[in-house]
Amino acid sequence: MQKKFLASPLKNLVQELFQSSLTGTGTISLLPQSPTMRQAVLDLEESKIREVANAGLGRPDVLAFWFGESDEVTPEFIRQAAIESLHQGETFYAHNLGLPELRQAIAGYKSRLHETSIGMERIAVTSGGVNALMLAAQALIEPGDHVVAVTPVWPNLTAQARIMGACLECVSLTPRAGAWTLNLESLLATITPSTRLLILNAPNNPTGWTLSRLEQQSILEHCRKTGTWILADEVYERLYYLPSARQCAPSFLDAATPEDRLLVVNSFSKSFLMTGWRLGWLVLPPSITHDIGKLIEFNTSCASVFTQRGALAALQRQGEITPRVVDHLKTCRDTLIPQLQDMPDIEVQSPNGGMYAFFKINGHQDTLNTAKRLVHEAGVGLAPGEAFAPQAQGWLRWCFASRDPQRLVLGTQRLQAWLAAQR
């Protein structure tokens, strides 16, 4: 009895290959098919900010102003709280929504800041502000949904909507003499009952544009009528330089009810000097908090306990950090902006919020190329405007969050010398 060494499908394949080799007719490929990703992911553009930074990272001669972070380290008492947590062995998973004591502290902080009552049941602690934004996109956007975003804006906000398969429509701010403003009527006309989500960042990165309370109320009332969700990125709310009794920019939380279709994102990164800690939070309608907790489980499970202990210490003594940070950033702004305004061919206005000077150099429309040249030829690292929106081509972003304002002066001197050499 003949033994069968090959299972039938494999045997048939071998026979077919053998016949093919004899006759020269037909071809069979044994190579695996190339893996393909979702088209939305393949279509994502690489960060133009990173593209410029990669040209200068590790070079001690380059003054780096490209990233949105201060060069000042996190205060010692925050670091010490995290160290103590590690010493105590807090190296295990936490609740998906965050430590209860931290959620309660965030709720109290936001309640005092906005003179309203925000319970901890509306707070979700996230692994950074960008994680909070992505969670919101995952929670709200179905493929094909109409999503509106106000631009120029930090590219992650629009990229996240595209990753989720949204049909994204951008409403651009308009530059006038170096300042960017919103055409409110145009924005409201774009938001219809078919609009699932509106994405706003104010104070704005990169332009420094801020919303007034009246504008926020108009947007909120309109979105109530259309049934549109609002995703408000308010991570720069404390970096606000106009007179304010509350020491913060206007927030949608000032006008909204708990059950409004509103998600507000904030972070410990900017006003608490904790960028590398990757810790943020969401303020939510209480009816969806549980489901956001499920999303957190399937994204990151939870934020690490020791970073949350550091954040708790930051909130308990925030009066020692944030006011000083804001005063210092105002000094930095008021150091940099006049220097830029004194240069011929530069168009810039002093921002009302945030930590960036957004300026235009006449005759330098391709600012991605200009930014790369500035790295190599002037030793100055800036972010190109087209990273934030096509309408911002020709503009550059300068992060002025510098521990030493004289570093900003040195940067302007290098820029001025480079510009003089181009004439």
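All heavy atoms count here, side chains included; hydrogens, waters and symmetry mates do not. A quick note: this is a predicted structure, and the numbers were derived from the prediction, not measured.
Using a 4.5 Å cut-off on side-chain heavy atoms (C-beta onward), Leu99 and Leu312 make no contact. Ile199 is not listed as a side-chain neighbour of Thr158, based on a closest heavy-atom distance of 4.5 Å or more. The closest side-chain heavy-atom distance from Met343 to Thr412 is below 4.5 Å. At least one side-chain heavy atom of Thr151 sits under 4.5 Å from a side-chain heavy atom of Gln391. With a 4.5 Å cut-off on side-chain heavy atoms, Leu197 and Asp145 do not count as touching. Within the 4.5 Å cutoff, no side-chain heavy atoms of Thr275 are placed close to those of Ser70. The side-chain heavy atoms of Ile296 and Thr300, taken from C-beta on, include a pair separated by under 4.5 Å. Taking 4.5 Å as the limit, some side-chain heavy atom of Trp277 sits within range of a side-chain heavy atom of Thr74.
Checked by atom type and distance alone, the side chain of Arg103 never pairs as donor or acceptor with a backbone atom of Gly98 at under 3.5 Å. Side-chain N or O atoms of Gln308 include one that pairs as donor or acceptor with a backbone N or O of Ala303 at under 3.5 Å. With hydrogens and angles ignored, the 3.5 Å screen pairs no side-chain donor or acceptor of Asp233 with any backbone N or O of Leu200. Of the possible polar contacts, one joining the Thr331 side chain to the Asp327 backbone as a donor-acceptor pair under 3.5 Å is found. Of the possible donor and acceptor atoms, one in the side chain of Arg196 sits under 3.5 Å from a partner among the backbone N and O of Leu140. Using a distance-only test at 3.5 Å, with no hydrogens or angles considered, a donor-acceptor pair links the side chain of Arg333 to the main chain of Pro351. Proximity of a side-chain donor or acceptor of Glu297 to a complementary backbone N or O of Gly293 within less than 3.5 Å is not detected. The backbone N or O of Leu133 sits nowhere less than 3.5 Å from a side-chain atom of Asn131 that would complete a donor-acceptor pair. In terms of modelled atom types and a separation under 3.5 Å, the side chain of Arg224 and the main chain of Asp260 share no donor-acceptor contact. No side-chain donor-acceptor contact under 3.5 Å links Gln416 to the backbone of Asp342.
Going from atom CG of Asp61 over to atom NE2 of His376 covers 10.5 Å, rounded to the nearest 0.5 Å. Separation of atoms CG (Asn352) and OG1 (Thr210) is listed at 4.5 Å; rounding is to 0.5 Å. Atom CG in Leu329 sits 11.0 Å away from atom OG1 in Thr335 (nearest 0.5 Å). Once rounded to the nearest 0.5 Å, the distance linking CG of Leu253 with CD of Glu115 reads 13.0 Å. Separation of atoms CD1 (Ile83) and CD (Gln88) is listed at 12.0 Å; rounding is to 0.5 Å. Atom CG of residue Leu315 and atom CG of residue Leu102 lie 6.5 Å apart, to the nearest 0.5 angstrom.
The side chain to side chain contact (heavy atoms under 4.5 Å, CB included) test applied to Pro390 returns no partner, not counting sequence neighbours. For Thr91, the side chain to side chain contact (heavy atoms under 4.5 Å, CB included) partners are Leu86, not counting sequence neighbours.
Applying the ring pair (Phe, Tyr, Trp, His ring centres under 6.0 Å) test to residues at least two apart or on different chains, the pairs with a partner in residues 124-183 are Trp180-Phe358, Trp180-Trp395. Identified under the ring pair (Phe, Tyr, Trp, His ring centres under 6.0 Å) test for residues 232-271, with sequence neighbours left out: Tyr236-Tyr356, Phe268-Phe272, Phe268-Trp281. Sorted by first and then second residue, the ring pair (Phe, Tyr, Trp, His ring centres under 6.0 Å) pairs involving residues 184-231 (not counting sequence neighbours) form an empty list. Sequence neighbours left out, the pairs with a member in residues 64-73 that pass salt bridge (Lys or Arg N to Asp or Glu O under 4.0 Å) are Asp71-Arg407, Glu72-Arg324.
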Side chain to side chain contact (heavy atoms under 4.5 Å, CB included), that's the test. Do Thr126 and Met134 meet it? Break it down for me.
CA-CA 10 Å; Thr126 62; Met134 191 70 218; over 6 Å; no
Can Leu419 and His364 be said to form a side chain to side chain contact (heavy atoms under 4.5 Å, CB included), step by step?
CA-CA 10 Å; Leu419 288 173; His364 289 264; 4.2 Å; yes
Test salt bridge (Lys or Arg N to Asp or Glu O under 4.0 Å) on Arg213 and Asp254; report intermediate values, then the result.
CA-CA 8 Å; Arg213 295 198 191 282; Asp254 298 328; 2.2 Å; yes
Would you check, one step at a time, whether the test side chain to side chain contact (heavy atoms under 4.5 Å, CB included) holds for Val150 with Asn204?
CA-CA 10 Å; Val150 175; Asn204 176 257; 6.0 Å; no
Please report the C-alpha distance between Glu90 and Arg309 in whole Å, then the side-chain angles of each, then the deciding distance to 0.1 Å, and finally whether the salt bridge (Lys or Arg N to Asp or Glu O under 4.0 Å) criterion is met.
CA-CA 10 Å; Glu90 292 186 319; Arg309 293 296 184 198; 2.9 Å; yes
Stepwise side chain to side chain contact (heavy atoms under 4.5 Å, CB included) check, Thr195 with Thr226
CA-CA 8 Å; Thr195 305; Thr226 61; 5.7 Å; no
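Of all heavy-atom pairs spanning Ala314 and Met274, the tightest one is CB-SD, 4.1 Å. The two residues Ala136 and Leu231 make their nearest non-hydrogen contact at CB-CD1, 3.6 Å. The shortest non-hydrogen separation linking Gly68 to Arg397 is N-NH2, 3.7 Å. Closest approach of Glu121 and Pro286 over heavy atoms only: CG-CB, 3.9 Å. When all heavy atoms of Pro384 and Thr367 are compared, the closest pair comes out as CB-O, 3.6 Å. When all heavy atoms of Ala389 and Pro152 are compared, the pair lying nearest together is CB-CA, 3.7 Å.
Atom CD of Glu142 is surrounded by 12 or fewer heavy atoms from other residues, nucleotides or ligands within 6.0 Å. Other residues, nucleotides and ligands contribute at most 12 non-hydrogen atoms within 6.0 Å of the CD atom of Glu185. Crowding of Arg59 atom CZ: a count of heavy atoms from other residues, nucleotides or ligands under 6.0 Å exceeding 12.
A salt bridge does not link Glu45 with Arg162: every distance from a Lys NZ or Arg NE/NH1/NH2 to an Asp or Glu carboxylate oxygen is 4.0 Å or more.
Checked by atom type, the side-chain pair Ser251/Glu234 shows a donor-acceptor distance below 3.5 Å.
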